[in-house]
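FYI, side chains are in, hydrogens and waters are out, and symmetry mates aren't considered; it's all heavy atoms of this structure.
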Amino acid sequence: MNHQSCILRIKSSYFSFSEKEKQIADYVLKDPKQMVHKSINQVADDLDVADATVFRFCKRLGYKGYQAMRIALAADIVTPIKDIHEQILESDAEIDIASKVVKSNIRTLEETLNIMNSEVLERAVSVLNAARKIDFYGNGGSGVIAMDAHHKFIRTGKSSSAYSDTHMQLMSASQLTEEDAAVFISHSGTNKDLLDVLSVAKENGAVCIAITNYATTPLSKQANLVFYTVSEETAYRSEALSSRIAQLTIVDLLFVNFMMKNKDRVQDSIQRMRNAISIKKM
């Protein structure tokens, strides 16, 4: 964990924080620059918590104390994470642009892996394994990711569906039970339609898993389990574009882990699927 930036440490640990720790985390993530210039007493006063609470938060992140965390945060600001994504220039040749896009995708995946919470991954795989059915939800570009997830999990014999139409999403969520799992995919984590569906799914007792890019959005706060992607926007490449690669990869790692836990049953399902679609081949 020592190689991670301060901001990535906070995002990767956010799910496991106590309410007071989340309060401090939200404070830091909202405006890292102002945090760098404040003493531990000022931060504690702003949040109406004890100095010791802020100190323990710093220790929780792996720092010796508040000063060490503040120095790490300052380094993030001086050399922001987005600098790992190479800027594309108008003068670049096609092959140079191709190289930068590929490198950006690689770095997005590396940073996403760096903030992967192994406990969340283990629990999510267990939830999917135990679920009666799995519904995947996403709107716009994220709807394509949801469909890809369904396309994969249908091979396993596990009952699954994918919805991108908001009315169908609500209808589907209304039929979920405590035996089901729902996976919500949203880069911003602020899509109101998707949050409405999440609310219905939670009311019905389904375990809700989120794949998103930010630790302090409504989606990440309301879901039971959260996977974070790391991507940054440049002049010619939106962060939502590069995050798609990370979202697909998270779906893949959930799928492969699920496959490994259900080898015998999955092999039978895959064979039956292959037999069924063989009639489509010449």
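The shortest side-chain heavy-atom distance between Thr212 and Tyr228 falls under the 4.5 Å cut-off. Between Ile211 and Ile145, every side-chain heavy-atom pair lies at or beyond the 4.5 Å cut-off. Contact annotation: the side chain of Val125 never approaches that of Met260 to less than 4.5 Å [non-hydrogen atoms, C-beta and beyond]. You'll find the side chain of Cys6 reaches within 4.5 Å of the side chain of Met69, heavy atoms only. Between Tyr14 and Lys221 the shortest side-chain heavy-atom distance falls below 4.5 Å. At a threshold of 4.5 Å between non-hydrogen side-chain atoms, the residues Val43 and Asp51 do not count as touching. Considering only heavy atoms from C-beta on, Phe17 stays 4.5 Å or farther from Ile24 through its side chain. The shortest side-chain heavy-atom distance between His37 and Gln42 does not fall under the 4.5 Å cut-off.
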Does the pair Asp193 and Asn139 meet the rule for a side chain to side chain contact (heavy atoms under 4.5 Å, CB included), with working shown? CA-CA 8 Å; Asp193 289 333; Asn139 296 330; 3.8 Å; yes
Audit row: Phe55, Tyr66, ring-ring contact (aromatic ring centres under 6.0 Å, His included) steps and yes/no: CA-CA 6 Å; Phe55 178 79; Tyr66 178 76; 9.3 Å; no
Begin from the C-alpha positions of Asp180 and Asp135 and carry the test side chain to side chain contact (heavy atoms under 4.5 Å, CB included) through to its verdict. CA-CA 8 Å; Asp180 303 320; Asp135 276 358; over 6 Å; no
What verdict does the side chain to side chain contact (heavy atoms under 4.5 Å, CB included) test give for Leu254 and Leu121, after you've listed the backbone C-alpha separation in whole Å, the side-chain angles of each residue and the deciding distance to 0.1 Å? CA-CA 8 Å; Leu254 289 172; Leu121 176 58; 4.0 Å; yes
Criterion side-chain hydrogen bond (donor to acceptor under 3.5 Å, both in side chains) on Ser126 and Asn129, from CA distance to verdict: CA-CA 5 Å; Ser126 296; Asn129 190 43; over 6 Å; no
After noting the C-alpha distance and the side-chain angles of Met147 and Ser164, does the key distance pass the side chain to side chain contact (heavy atoms under 4.5 Å, CB included) rule? CA-CA 8 Å; Met147 185 58 69; Ser164 56; 6.0 Å; no
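Under a hydrophobic clustering in which Ile, Leu, Val, Met, Phe, Trp and Tyr are joined whenever their side-chain heavy atoms come within less than 4.5 Å, directly or via other members, Ile185 and Leu248 fall into the same cluster. Under a hydrophobic clustering in which Ile, Leu, Val, Met, Phe, Trp and Tyr are joined whenever their side-chain heavy atoms come within less than 4.5 Å, directly or via other members, Val256 and Met116 fall into the same cluster. Linking Ile, Leu, Val, Met, Phe, Trp and Tyr residues whenever their side-chain heavy atoms come within less than 4.5 Å places Leu176 and Phe184 in a single cluster. In terms of hydrophobic clustering, with Ile, Leu, Val, Met, Phe, Trp and Tyr side chains grouped at heavy-atom distances under 4.5 Å, Leu47 and Leu73 are assigned to a common cluster. In this structure, Leu29 is a member of the same hydrophobic cluster as Val54, with clusters built from ILVMFWY side-chain heavy atoms closer than 4.5 Å.
The stretch residues 242-282 participates, sequence neighbours left out, in these ring pair (Phe, Tyr, Trp, His ring centres under 6.0 Å) pairs: Phe153-Phe255, Phe153-Phe258. Applying the side-chain hydrogen bond (donor to acceptor under 3.5 Å, both in side chains) test to every pair with at least one member in residues 273-282, sequence neighbours left out, gives these pairs: Gln271-Asn275.
Applying the 6.0 Å contact sphere to CD of Glu122 captures no more than 12 heavy atoms from other residues, nucleotides or ligands. In the displayed structure, Asp48 atom CG is contacted under 6.0 Å by at most 12 heavy atoms of other residues, nucleotides or ligands.
Between Arg244 and Asp148, none of the side-chain N atoms (NZ, or NE/NH1/NH2) sits under 4.0 Å from a carboxylate O, so this pair counts as no salt bridge.
Atom CG of residue Asn257 and atom CG of residue Asn262 lie 11.0 Å apart, to the nearest 0.5 angstrom. Rounding to the nearest 0.5 angstrom, the gap separating the CD atom in Gln67 from the OG atom in Ser39 is 10.5 Å. The distance from atom OG1 of Thr229 to atom CG of Leu113, rounded to the nearest 0.5 Å, is 13.0 Å. Taken to the nearest 0.5 Å, the OH atom of Tyr137 stands 7.5 Å off from the CD atom of Gln169. To the nearest 0.5 Å, atom CG of residue Leu170 and atom CG of residue Asp165 are 9.0 Å apart.
Heavy atoms only, all atoms of each residue included: Met35 and Arg70 are closest at O-CD, 3.9 Å. The two residues Ala130 and Lys158 come nearest to each other via the heavy atoms C-NZ, 4.3 Å. Closest of all the heavy-atom pairs between Ile209 and Ala124 is CD1-CB, 4.1 Å. Scanning all heavy atoms of the two residues, the minimum distance from Lys152 to Val251 falls at CD-CG1, 4.1 Å. Between Thr190 and Pro218, the shortest heavy-atom contact is CG2-CD, 4.0 Å. Of all the heavy atoms in Ala206 and Asn224, the pair that sits closest is O-OD1, 3.8 Å.
Checking each of Arg60, Arg56, Lys59 against Glu21 for a salt bridge (charged side-chain N to carboxylate O under 4.0 Å, His left out) leaves exactly one that passes, namely Arg60.
Distance alone, capped at 3.5 Å, is enough to place a donor-acceptor pair between the Thr249 side chain and the Ile245 backbone.
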Output side-chain donor-acceptor pairs under 3.5 Å for residues 194-205, partner residues at least two apart or in another chain, one line each.
from   : atom 1 : to     : atom 2 : distance (Å)
Asp196 : OD2    : Lys192 : NZ     : 3.2
Lys202 : NZ     : Gln222 : O      : 2.6
Asn204 : ND2    : Ala173 : O      : 2.9
Asn204 : ND2    : Ser174 : O      : 3.2
Asn204 : ND2    : Val200 : O      : 3.4

